[in-house]
Asks: 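This is the structure, below, for whatever I ask next.
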Amino acid sequence: MHSTNTPQKRPRPSIEAFTDGGCIGNPGPGGWAFHLTLPSGRVIEDSGAAAATTNNRMELIAVIQALRAVRNLPEALASEVVAVTDSTYVQQGITSWIWRWRANGWLTSAKQPVKNANLWRKLDEVAAATGAQFRWVRGHAGDPRNERCHALVQAAIAAERTNSGSH
């Protein structure tokens with residue numbers, strides 16, 4: 001009898017990118033944020049704001065910015081990348097709808113231009129570059145990293161409103 005030793009496949013380390021975006025009013029002043037957890041345990045966060053935007057744009061920008069940050073990390077090449085969003089718009093768009101939009105020349109099934117097509121194209125590009133997988137998490141349901149992103153978004157919006165003089 002012969003035995004073959006097959007090497008055990010180890011799971012790849014994972015980079016988790018939690019993201020959030022939001023607005024006060026829609027459109028209105030908005031913010032985006034991400035919280036990356038690297039395999040080493042190191043955390044990287046960033047956020048930003050816009051004076052007049054929409055919730056969906058901020059959700060998309062949060063994921064784009066997170067994946068851009070991941071793309072520049074040395075550990076990204078050896079790691080699985082999981083983007084976690086509480087936006088069904090982002091999660092469904094990037095995992096399901098985008099294939100049809102691309103095939104239809106960035107038109108919806110109703111032959112209308114895809115809203116935020118410029119951001120969807122950017123997200124498509126950075127998702128491909130990082131090999132990101134996408135996971136949805138219920139917002140405001142107690143996940144500490146989702147809650148942290150929400151707090152960063154609110155702080156970014158408050159800073160934007162203070163800087164622009166709108167209250």
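Just so you know, these numbers come straight off a predicted model, no measurement behind them. Numbers here are sequence positions counted from 1.
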Asks: How long is the gap from CG on N146 to CG on D86, to the nearest 0.5 Å?
Replies: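 Answer rounded to 0.5 Å: 4.5 Å.
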
Asks: Given side chains that start at C-beta, do those of N26 and N56 come closer than 4.5 Å, heavy atoms only?
Replies: no

Asks: Between atom CD of Q133 and atom CD1 of I94, what is the distance when rounded to the nearest 0.5 Å?
Replies: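 That separation rounds to 11.0 Å.
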
Asks: Can you tell me if W99 has over 12 outside heavy atoms packed within less than 6.0 Å of its CH2?
Replies: no

Asks: For the residue pair A49 and W32, what are the closest heavy atoms and their distance?
Replies: N-NE1, 3.9 Å

Asks: How many angstroms lie between CZ in R42 and CG in L36, if you round to the nearest 0.5 Å?
Replies: 9.0 Å

Asks: Determine, using the 4.5 Å side-chain heavy-atom cutoff (strictly less than), whether V70 and F34 are members of one ILVMFWY cluster.
Replies: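 Same cluster: V70 reaches F34 through Ile, Leu, Val, Met, Phe, Trp or Tyr contacts under 4.5 Å.
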
Asks: Quick check: is F18 connected to Y89 through a chain of hydrophobic side chains (ILVMFWY, heavy atoms under 4.5 Å apart)?
Replies: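 No, separate clusters.
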
Asks: Rounded to the nearest 0.5 Å, what separation is found between the CG atom of L152 and the CD atom of E45?
Replies: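 One gets 5.0 Å once the value is rounded to the nearest 0.5 Å.
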
Asks: What about V63 and I15, same hydrophobic cluster or not, with Ile/Leu/Val/Met/Phe/Trp/Tyr joined at side-chain heavy-atom distances under 4.5 Å?
Replies: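 Yes, it is one cluster - the side chains of V63 and I15 are joined through contacts under 4.5 Å.
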
Asks: So, for I157 and G30, which heavy atoms are closest and what is the spacing to 0.1 Å?
Replies: CG1-C, 3.4 Å

Asks: Check the angle between the aromatic planes of W101 and W97 and answer parallel, tilted or perpendicular using the 30° and 60° thresholds.
Replies: tilted

Asks: Apply side-chain contact (heavy atoms from CB on, under 4.5 Å) to the pair V153 and M58, showing each step before the final yes or no.
Replies: CA-CA 9 Å; V153 165; M58 291 292 93; over 6 Å; no

Asks: Give a yes or no on whether I61 and V126 share a hydrophobic cluster (residues Ile, Leu, Val, Met, Phe, Trp, Tyr; joining criterion: side-chain heavy atoms under 4.5 Å apart).
Replies: yes

Asks: Calculate, to the nearest 0.5 Å, the distance between atoms CD and OG1 belonging to E160 and T53 respectively.
Replies: 10.5 Å

Asks: Only one of R135, E80, H35 clears side-chain contact (heavy atoms from CB on, under 4.5 Å) with E16; which?
Replies: R135

Asks: Going by heavy atoms in the side chains, are T54 and K115 under 4.5 Å from each other?
Replies: no

Asks: What pair of heavy atoms forms the shortest contact from G28 to C23, and how long is it?
Replies: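 Nearest heavy atoms, G28 then C23: O-SG, 4.0 Å.
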
Asks: Grab the two heavy atoms, one from P13 and one from A78, that are nearest each other, plus how far apart they are.
Replies: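 Reported closest heavy-atom pair: CD-O, 3.4 Å.
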
Asks: Locate the shortest heavy-atom distance separating R121 from W106; write the atom from each residue and the value.
Replies: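 The pair with the smallest heavy-atom distance is NH2-CD1, 2.9 Å.
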
Asks: Can you find a heavy atom in the side chain of R57 that is under 4.5 Å from one in the side chain of N118?
Replies: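 Yes; the side chains approach each other to less than 4.5 Å.
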
Asks: Determine whether V84 and I64 fall in the same hydrophobic cluster, where Ile, Leu, Val, Met, Phe, Trp and Tyr are linked whenever their side-chain heavy atoms lie under 4.5 Å apart.
Replies: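 No, V84 and I64 fall in different hydrophobic clusters.
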
Asks: What's the separation between atom CG in L73 and atom CD1 in I44, rounded to the nearest 0.5 Å?
Replies: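 One finds 4.5 Å between CG of L73 and CD1 of I44.
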
Asks: Between S14 and V82, what is the shortest heavy-atom contact and its length?
Replies: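 So the minimum-distance heavy-atom pair works out to OG-CG2, 3.9 Å.
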
